[in-house]
There are 2 protein chains.
Amino acid sequence: MGSTMPGASPDFTARLRAAGLRPTRQRVALARLLFESGHRHVTAESLHVEVKSTQMPVSLATVYNALNQFRDAGLLREVVVAPGRSYFDTNTGHHHHFFVEPDGALHDFPSDKVTIAGLPAPPKGTRLSRVDVIVRVRR
Amino acid sequence: MGSTMPGASPDFTARLRAAGLRPTRQRVALARLLFESGHRHVTAESLHVEVKSTQMPVSLATVYNALNQFRDAGLLREVVVAPGRSYFDTNTGHHHHFFVEPDGALHDFPSDKVTIAGLPAPPKGTRLSRVDVIVRVRR
DNA sequence: AAGAAATTTAGAACGATTCTAAAGACTGCG
DNA sequence: CGCAGTCTTTAGAATCGTTCTAAATTTCTT
Ligand SMILES: [Mn+2]
Ligand SMILES: [Mn+2]
Ligand SMILES: [Zn+2]
Ligand SMILES: [Zn+2]
């Protein structure tokens, strides 16, 4: 058995360490929720609700800290679709989003079949950073 | 001369009335700032600063009310580019945006030269509402 | 195990936006 | 015009999402 933490998640521990983050219990618990299944879109509040119903409840401040750190480390990407609320996306690859207006649900779609042609050159003195396509839909 | 308000703006008065909004002095003052010259991108705060240096200062609450009403009436469109701040856009036609990351500046670009091909069909039970393209650039 | 450094936490603080309820303005009618 | 009715404005309080503070706890290194 493992030397220090039975039932630990060496995967997430290593992944956090590789990102330059100490694998604290809180960060491991959050990383498990975020990364152990498929891609997800969460808000700080939704992730906090989720982690509270766990063996390792985590304060809301820590959820915010972790999300920002994970984003800065490239483990997450932040998606802005609505004023006043940030979504964090575990899918860091190239893709775009459907945003379902009333409920606030986000759905990925791959960018490799999408062609954006005819974009003008960036304004003088600026370099392209990212192109976000948000397809807003309603029921 | 006009019958009741010398120096009034019949243009804006009529435009507000057509939108189902009473042409109050505050709304006329804001409409003048927003619509009398070319297209603009404003925040509630920036428009408030601007209108305060006018013969008709307007409270911040009224600026928020007016921007939301103008948006609901189709006179403005709301653009979401950064968490925690809403931009209102006097250009309600089809177009997209450059967003200059550090300073928060927005620049329009026309959508008629841009081709977006290969967008997947909207999720089941939803109808397309709008496609937003945000080209994020940095200095 | 001990010390140093990083992290977590509760609660306060913050900035943007909305709400409340009282005062004021606009409109239609006499 | 003058009034009543309705809508609008306003200051200030409240709310909401997020960040900050500073003290307690955990992690890491030796
Ligand atoms: Mn953030
Ligand atoms: Mn709004
Ligand atoms: Zn996504
Ligand atoms: Zn615009």
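Protein chains get the first letters and strands the later ones, always in sequence-line order, with residue 1 at the start of each. Only a predicted model underlies this, so the values are computations on that prediction, with no experimental measurement involved.
- As a whole-Å value, the separation of B:Leu67 CG from D:dT8 P is 15 Å.
- In this structure, B:Leu60 and A:Gly20 both approach DNA chain C, and ranking their closest nucleotides by distance from the 5' end singles out A:Gly20.
- The listed nucleotides are D:dT9, C:dT9, C:dA25; the one nearest the side chain of B:Arg25 is C:dA25.
- Under the side chain to side chain contact (heavy atoms under 4.5 Å, CB included) rule, A:Leu76 has a single partner from A:Leu34, A:Asn68, A:Asp89, which is A:Leu34.
- In this structure, A:His96 and A:Phe109 have tilted ring planes: the angle between them lies in the 30° to 60° band.
- Residue order along DNA chain C, read from the 5' end via each residue's closest nucleotide, puts B:Ala44 first among B:Pro23 and B:Ala44.
- One atom, CD of B:Gln26, and another, C1' of D:dT9, lie 6 Å apart when rounded to the nearest Å.
- Computed from coordinates, the A:Gln69 CD to D:dC20 P distance equals 12 Å when rounded to whole Å.
- Rounded to a whole Å, the CG atom of B:Asn65 is 7 Å from the P atom of D:dT9.
- A straight line from NE2 of B:His48 to P of C:dG15 spans 17 Å, rounded to a whole angstrom.
- B:Tyr87 and A:Val80 fall into different hydrophobic clusters, where Ile, Leu, Val, Met, Phe, Trp and Tyr are joined by side-chain heavy atoms under 4.5 Å apart, directly or via other members.
- One can place CG of A:Leu16 at 17 Å from P of C:dA6, the figure rounded to the nearest angstrom.
- A:Thr24 comes within 4.0 angstrom of the backbone, heavy atoms only, and of no base.
- Aromatic ring pairs are classed by plane angle as parallel below 30°, tilted from 30° to 60° and perpendicular above 60°; the pair A:Phe70 and A:Phe35 is tilted.
- Ring to ring, A:His41 and A:His97 are close: their centroids are under 6.0 angstrom apart.
- Taking 3.5 Å as the limit, the base of D:dT27 and the side chain of A:Arg22 contain a donor-acceptor pair of atoms between them.
- Residue A:Asp72 contributes atom CG, which lies 11 Å from atom P of D:dT19 at whole-angstrom precision.
- Distance, B:Leu30 CG to D:dT9 P: 9 Å, rounded to whole Å.
- Applying the 4.0 Å criterion to OP1 and OP2 of D:dT19, one finds that A:Asn68 has a side-chain N or O inside that range.
- Checking C:dT17, D:dT9, D:dT10 against the side-chain heavy atoms of B:Tyr64 singles out C:dT17 as nearest.
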